[in-house]
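Below is one structure; the comments refer to it alone.
Lettering of chains follows the sequences in order, A, B, ..., and the numbering in each one begins at 1. Worth knowing before you read on, the calculation uses all heavy atoms, side chains too, and leaves out hydrogens, waters and symmetry mates.
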There are 2 protein chains.
Amino acid sequence: MSENNPDSPPTPHAATSPSPPTEKKIPKAVIKRLSLYSRVLQNLEIMDREKVSSRELAARLGLNSAQVRKDLAYFGQFGVPGLGYYVSDLRQNIKRILGTDRAIRLALVGVGNLGTALLSYAGFARQGFHIAVAFDCDRRKIGSTKGNVRIYDAADLARIVRQEEIDIGILAVPADHAQAVCESLIGAGINAILNFVPAHLSVPDSVHVHYVDLSIEIESLSYYLR
Amino acid sequence: MSENNPDSPPTPHAATSPSPPTEKKIPKAVIKRLSLYSRVLQNLEIMDREKVSSRELAARLGLNSAQVRKDLAYFGQFGVPGLGYYVSDLRQNIKRILGTDRAIRLALVGVGNLGTALLSYAGFARQGFHIAVAFDCDRRKIGSTKGNVRIYDAADLARIVRQEEIDIGILAVPADHAQAVCESLIGAGINAILNFVPAHLSVPDSVHVHYVDLSIEIESLSYYLR
DNA sequence: CAGAAACCGTGAGGAAATTCACAATGTCGT
DNA sequence: ACGACATTGTGAATTTCCTCACGGTTTCTG
Ligand SMILES: NC(=O)c1ccc[n+]([C@@H]2O[C@H](COP(=O)([O-])OP(=O)(O)OC[C@H]3O[C@@H](n4cnc5c(N)ncnc54)[C@H](O)[C@@H]3O)[C@@H](O)[C@H]2O)c1
Ligand SMILES: NC(=O)c1ccc[n+]([C@@H]2O[C@H](COP(=O)([O-])OP(=O)(O)OC[C@H]3O[C@@H](n4cnc5c(N)ncnc54)[C@H](O)[C@@H]3O)[C@@H](O)[C@H]2O)c1
């Protein structure tokens, strides 16, 4: 998904075509929940729980149990009627589906306040995410390391991103550089970006961007203050 | 919204009742977009643009122009046919609707890696958000200040939150303290929480929680890597 | 081993959100 | 003053997502 051109002539990008040879269409919301299930299962595993029901899984996440079952059923039959799901088994399956059964390699661009916090976040490693490299354009930062991650010159981004086989880019630069950096990342073959910058990114349909926008979250919370 | 009890007897909490005396029901997604519009309008204002069409607004956010118009129409008639919307006027209206026409007072709980980055983030002030106080339970941090914000003992949370007339709480503590801190905040009268902790919070229906969950974002991006 | 209990998978129905499409309304140039 | 044009506001159609409800399967109990 990217731009919607509702008014102008329909672009002949294959992306908006009726239904590609894909099997079934899986809602984006389902994927996000898979990830939530995965984490709950990880906790259950630590608690040495062998089995879990859709009901319990749902309760631990504030969801409806039918939704849990339906979400999982998109990908196969993992449950045992009368019993529930086997924790480890289900977790492994979900990890495989999400592609997190191997380490995910990340590149961080912009090592400022936020970038630094991300570099020293232990939670990522716990989930199998590895920030392999970081980039900045500030001379004083280039060449140094933070949280065991080497900081490279943003000018060398394309080369290093390819070399290091990066999967996902993290954007944490000032707003007025976001689009340009985004394009560098795409140019380097990246097609998944996590964007912390409060700016809309224009990207081809093949590239996935997830936005994390704190101001939006706070502002919209403000609306609900009675 | 909080727990869904799909299986057990319907709880007689007034929250799930058919339709309270509310006027029209405004989708949550609309509120989030209002906030996006507000920011784009702020940029347009800086560029000295007087007017803007729903089409342009949509293009700048990757949305459909009909959606922009419909969103705004929930709250009144702000546009002028054949012309568009007056930038400053619309912006002021949206800020009024969101309640951001006055400063929003925030309390941060947990001044670790992430909390520190948040304290030194200039972007908040720009949007009219003010982190008024911070809390931690680490002796070495209590009493000091970071980014001009005083750090208090978490034990005094209730008293200070009331005293300082805090609107929204920000949760950035370790996962195993999240639910307890959340309850302290609610006990102190808070009913809007921004939660960075990767854990589900159980709260009464009257309390709004927005989740910011980085691992989920990365994990779900991973799914889309081809 | 029979009957009860637990729980999954899923079709049908519903609710929510988005997009379409167009009549209505205004602007602007001449 | 008027016709050409731009753009809004909104019912209707569409799409996306969620919940209900139940048949069917497995386990458990006595
Ligand atoms: N700090 C926060 O808590 C926070 C919260 C929400 C959003 N954000 C957003 O995240 C982004 C970064 O915030 P921050 O507080 O870390 O800012 P910052 O100014 O501390 O850091 C930005 C870093 O990006 C580097 N940089 C600038 N241009 C670059 C380029 N072209 N290529 C590579 N690196 C470049 C700078 O040298 C700097 O180190 C901003 O867009 C901000 O709005 C930050
Ligand atoms: N650092 C990141 O980039 C990042 C990213 C995503 C999510 N998170 C989440 O945010 C939370 C904080 O992360 P962090 O990296 O800042 O951790 P951290 O350990 O650096 O900081 C946690 C802080 O909370 C304080 N604390 C602990 N219990 C408390 C209590 N009961 N009341 C008040 N303060 C208390 C600790 O003293 C510490 O200062 C974690 O749940 C983490 O999973 C962090």
Side-chain angles (χ1 to χ4, degrees), chain A residues 1-11 16-19 22 24-34 36-37 49-59 61-87 89-90 93, chain B residues 1 3-11 16-19 22 24-34 36-37 49-59 61-87 89-90 93 220:
Chain A
M1 314 24 349
S2 78
E3 320 304 334
N4 276 8
N5 256 23
D7 316 288
S8 43
T11 45
T16 324
S17 54
S19 58
T22 323
K24 245 182 302 183
K25 218 199 35 193
I26 307 215
K28 266 166 117 173
V30 170
I31 301 302
K32 291 233 165 153
R33 283 192 299 268
L34 275 194
L36 289 171
Y37 303 149
R49 289 279 307 275
E50 194 197 355
K51 307 170 291 190
V52 66
S53 67
S54 61
R55 163 104 81 112
E56 178 175 357
L57 227 32
L61 290 165
L63 302 174
N64 179 302
S65 68
Q67 181 157 70
V68 173
R69 294 196 295 279
K70 189 156 275 204
D71 285 351
L72 297 174
Y74 274 104
F75 304 95
Q77 303 215 154
F78 303 114
V80 182
L83 207 154
Y85 301 87
Y86 285 99
V87 173
D89 174 59
L90 181 57
N93 273 295
Chain B
M1 291 90 255
E3 319 305 335
N4 275 8
N5 255 22
D7 316 288
S8 42
T11 46
T16 323
S17 54
S19 59
T22 325
K24 244 181 304 182
K25 217 199 37 191
I26 306 212
K28 265 166 116 174
V30 170
I31 301 302
K32 291 230 167 158
R33 284 193 299 267
L34 275 195
L36 289 171
Y37 303 149
R49 290 280 307 274
E50 194 197 356
K51 308 169 291 190
V52 66
S53 67
S54 62
R55 164 106 80 113
E56 178 176 356
L57 227 32
L61 290 166
L63 302 173
N64 179 302
S65 68
Q67 180 158 71
V68 173
R69 295 196 294 279
K70 190 155 274 207
D71 284 351
L72 297 174
Y74 273 103
F75 304 95
Q77 304 216 154
F78 302 114
V80 183
L83 205 153
Y85 300 86
Y86 285 99
V87 173
D89 174 59
L90 181 57
N93 272 296
S220 55

Between the base of dT19(D) and the side chain of K70(A), is there any donor-acceptor pair under 3.5 Å?
->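 Between dT19(D) and K70(A), which were checked side chain against base, a qualifying N/O pair under 3.5 Å is present.
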With a 3.5 Å cut-off and just heavy-atom distances, do the side chain of K25(A) and the base of dT16(D) make a donor-acceptor pair?
->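 By the distance-only test, no, there is no pair.
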From [atom1] of [X] over to [atom2] of [N], roughly how many Å is that when rounded to an integer?
| X | N | atom1 | atom2 | answer |
| --- | --- | --- | --- | --- |
| K28(A) | dC17(D) | NZ | C1' | 13 Å |
| Q77(B) | dT7(D) | CD | C1' | 13 Å |
| D71(B) | dG9(D) | CG | C1' | 13 Å |
| L34(A) | dC17(D) | CG | P | 13 Å |
| I26(B) | dA17(C) | CD1 | P | 11 Å |
| R69(B) | dC22(C) | CZ | P | 14 Å |
| R55(B) | dG9(D) | CZ | P | 16 Å |
| D89(A) | dC8(C) | CG | C1' | 14 Å |

OP1 or OP2 of dT8(D) under 4.0 Å from side-chain N/O of S54(B) |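 For dT8(D), OP1 or OP2 has a side-chain N or O of S54(B) closer than 4.0 Å.
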Check every atom of [options] against the side chain of [X] and return the nucleotide holding the closest atom.
| X | options | answer |
| --- | --- | --- |
| N64(B) | dC8(C), dT8(D), dT19(C) | dT19(C) |
| P27(A) | dT10(C), dC17(D), dC18(D) | dC17(D) |
| A73(B) | dA21(D), dT10(D), dT8(D) | dT10(D) |
| S53(A) | dG9(C), dC8(C), dT18(C) | dC8(C) |

Residue closer to the 5' end of DNA chain D, Q67(A) versus G76(B) (nearest nucleotide) =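 Its nucleotide being nearer the 5' end, the pick is G76(B).
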Sequence neighbours left out, what passes side chain to side chain donor-acceptor pair (under 3.5 Å) with Q67(A)? Give chain and number order.
->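 Q67(A) satisfies side chain to side chain donor-acceptor pair (under 3.5 Å) with no residue once adjacent residues are dropped.
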When all nucleic acid strands are considered with a 4.0 Å heavy-atom cut-off, which category describes Y74(B): base, sugar-phosphate, or nothing?
->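 It contacts nothing in the nucleic acid.
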With B for base contact, S for sugar-phosphate-only contact and - for none (protein heavy atoms under 4.0 Å), nucleotides 24-30 of chain D reads BBBS---
Salt-bridged, E56(B) to R49(B), with N to O below 4.0 Å?
->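 Judged by the 4.0 Å cut-off on N to carboxylate O distance, E56(B) and R49(B) do form a salt bridge.
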